[in-house]
Amino acid sequence: MTIRLYDTSARQIRDFTPLTAGCVSIYLCGATVQAAPHIGHIRSGLNFDILRRWFEHRGYDVTFIRNVTDIDDKIITKSREQGRPWWSIGYENERAFNDGYSALGCLPPTYEPRATGHVPEMIEMMRGLIERGHAYEADGSVYFDVRSYPDYLQLSNQDIDDLRQPTEDGITGKRDPRDFAMWKATKPGEPDWETPWGRGRPGWHLECSAMAHKYLGPAFDIHGGGLDLIFPHHENEIAQAKAYGDDFAQYWLHNAWVTIAGEKMAKSLGNSVLVSEMVKRWRPIVLRYYLGTPHYRSMIEYSEEALREAESAFARIEGFVQRVVEKAGGVVEPAAEVPPAFAEAMDDDLGVPQALAVVHTTVRQGNSALAADDKEAAVARLAEVRAMLGVLGLDPLDPHWVGEGGDRGEDLHGVVDTLVRMVLDQREAARGRKDWATADGIRDQLNQSGLNIEDGPQGPRWTLGPR
């Protein structure tokens with residue numbers, strides 16, 4: 001029962017050994033709230049939600065921190081463009097992110113700190129770094145001296161002599177162009193806070209180092225985020241935290257992107273697909289299946305066809321669940337343990353694709369049991385399927401998904417069920433008088449309308465088919 005994870009810093013899969021037995025501490029770089037989330041943003045939250053669920057299934061007590069970057073250059077730029085207060089833009093988009101996480105079934109984090117709420121912790125970290133000779137003040141800004149930290153760039157495996165830090169407007173007084181800003185001197189019209197070095201605002205990298213220290217202490221187990229954060233963000237976090245005296249993260253996990261035509265999904269490229277729009281067109285549980293079931297280190301190429309395939313695949317699972325519940329005459333509780341093959345796949349660097357194959361195999365076995373009218377075997381398979389789907393956050397019987405669509409959706413389902421039953425009664429009457437042409441015609445019309453009709457011992461039943 002050893003969980004193994006790919007550690008970016010080691011460039012290999014390592015056995016996971018927690019700092020504290022039975023406990024796991026995770027820090028995930030969360031939303032930068034300059035705009036509403038696209039599905040690429042939410043993928044990271046989904047991947048680490050599944051990781052958290054697996055740790056909890058394995059019996060660990062998980063502390064999960066997902067921060068909110070509510071002040072940075074992008075938010076200030078949006079404020080100027082839109083003529084709105086920076087905090088208004090941040091709060092609106094923070095709510096949009098949380099709506100997206102919730103819609104796709106992500107468990108709430110243990111704590112979700114905002115950067116602006118932790119300026120005192122940032123000041124304390126800067127003071128310590130200046131005293132230790134790793135940072136300096138210039139023209140009201142505070143910079144980290146990258147050459148003062150010998151292990152700088154080990155995560156991204158770069159050579160410091162070849163390094164070019166991203167340019168930052170208005171930055172003055174650097175001793176070395178590769179030094180990065182921890183604190184930026186105040187500018188007219190921008191938000192600022194008082195510090196011993198003058199008024200200004202925090203740099204992006206300092207925010208996460210300070211919040212991780214605040215909520216997880218000087219050492220914690222796992223730091224996560226997207227591949228695009230390895231440099232400069234995570235590299236600079238490490239430099240600040242370790243130069244300050246923290247051991248910081250023991251494992252680094254990075255999820256891959258959602259791409260369109262081979263390019264990373266990003267607002268700056270104009271190719272983003274907003275979560276708020278996607279949930280109007282696709283069931284949120286189907287979106288979770290689509291974004292959460294590829295391996296977290298594999299790119300996802302966005303396409304409508306791929307979403308339709310995910311919808312069809314999940315419909316097969318959901319149909320099995322519904323049929324067994326009807327057969328059993330009530331809810332079947334999840335099994336206490338998942339099948340060994342599923343556990344083996346999840347332990348191996350969160351191998352969700354291989355684990356999902358076990359789910360589909362178990363569904364096929366359950367369907368065979370149903371066809372043989374073996375209720376006991378079908379119920380046993382459903383218990384296993386529910387246990388596995390619970391780990392993946394995809395159990396259609398979970399209270400989160402049972403109300404999917406809201407009360408009006410339930411009302412509509414009842415109306416549709418009444419209408420379909422009327423048509424099915426006509427079909428049954430045609431079959432009773434051996435008018436097979438009429439019966440088949442009714443079934444074909446229902447299929448064309450997006451309904452699947454299945455004939456069983458207890459009569460016909462309908463389900464929504466894939467679009």
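Checked by atom type and distance alone, the side chain of Arg52 never pairs as donor or acceptor with a backbone atom of Val62 at under 3.5 Å. Between the side chain of Asn67 and the backbone N or O of Gly30, at least one donor-acceptor pair lies under 3.5 Å. Under the 3.5 Å distance criterion, the side-chain polar atoms of Asn93 are matched with a main-chain donor or acceptor of Ala36. Although no hydrogens or angles enter the test, the distance criterion places no donor-acceptor pair under 3.5 Å between the side chain of His134 and the main chain of Gly128. A donor-acceptor contact shorter than 3.5 Å links the side chain of His295 to the backbone of Asp349. The backbone N or O of Gly90 sits nowhere less than 3.5 Å from a side-chain atom of Arg95 that would complete a donor-acceptor pair. Judged by distance alone, the side chain of Asp70 and the main-chain N or O of Thr116 form a donor-acceptor pair under 3.5 Å. Listed for the Lys174 side chain is a donor-acceptor partner under 3.5 Å among the backbone atoms of Asp179. The closest donor-acceptor contact from the side chain of Asp221 to the backbone of Leu19 lies under 3.5 Å. Within the 3.5 Å criterion, the main-chain N or O of Leu104 finds a donor-acceptor partner in the side chain of Arg288.
Between Tyr143 and Phe180, the ring centre distance reaches or exceeds 6.0 Å. You'll find the ring centres of His205 and Phe144 outside the 6.0 Å limit.
Electrostatic pairing of Glu305 and Arg308 does not count as a salt bridge here, judged by no charged N lying under 4.0 Å from a carboxylate O. Between Lys184 and Asp72 there is no salt bridge, since no side-chain N of the basic residue sits under 4.0 Å from a carboxylate O of the acidic one. Classification of Arg80 and Glu190 as a salt-bridged pair holds, one side-chain N sitting under 4.0 Å from a carboxylate O.
Two residues are said to be in side-chain contact when any heavy atoms from C-beta on lie closer than 4.5 Å; Met346 and Val338 fail this criterion. Under the 4.5 Å side-chain criterion, counting only non-hydrogen atoms from C-beta, Leu206 is not in contact with Asn236. The shortest distance between side-chain heavy atoms of Asp49 and Phe64 does not fall below 4.5 Å. Between Asp348 and Gln354 there is no side-chain heavy-atom pair separated by less than 4.5 Å.
Ring orientation note: the planes of His234 and Trp252 are tilted relative to one another, at an angle of 30° to 60°. Between His223 and Phe248, the ring planes lie tilted relative to each other; the angle falls in the 30° to 60° range. Relative ring orientation between Phe55 and Phe16 is described as tilted, the plane-to-plane angle lying within the 30° to 60° band. In this pair, Tyr289 and His360 present their aromatic rings perpendicular. The plane angle is above 60°, beyond the 30 to 60° band.
For Arg297 and Tyr6, the positive end sits near the middle of the six-membered ring, less than 6.0 Å away and at most 45° from its axis. Geometrically, Arg147 does not engage Tyr152 in a cation-pi contact defined by less than 6.0 Å to the ring centre and at most 45° from the axis.
Atom CZ of Arg58 has more than 12 heavy atoms from other residues, nucleotides or ligands within 6.0 Å. Around the CD atom of Glu344, the shell of radius 6.0 Å holds no more than 12 heavy atoms that belong to other residues, nucleotides or ligands.
Asp15 and Thr2 share no side-chain donor-acceptor pair at under 3.5 Å.
The list of ring-ring contact (aromatic ring centres under 6.0 Å, His included) pairs with a residue in residues 91-115, not counting sequence neighbours, reads His41-Phe97, Tyr111-Tyr215. Listed by first then second residue, pairs satisfying salt bridge (charged side-chain N to carboxylate O under 4.0 Å, His left out) with a partner in residues 223-237 read Asp228-Lys264, not counting sequence neighbours. Pairs of residues two or more places apart, or lying in two chains, that qualify as salt bridge (charged side-chain N to carboxylate O under 4.0 Å, His left out) and include a residue from residues 382-393 are Arg381-Glu384, Arg386-Asp395.
A pairwise comparison of heavy atoms in Leu287 and Trp282 identifies CG-CB, 4.1 Å as the closest pair.
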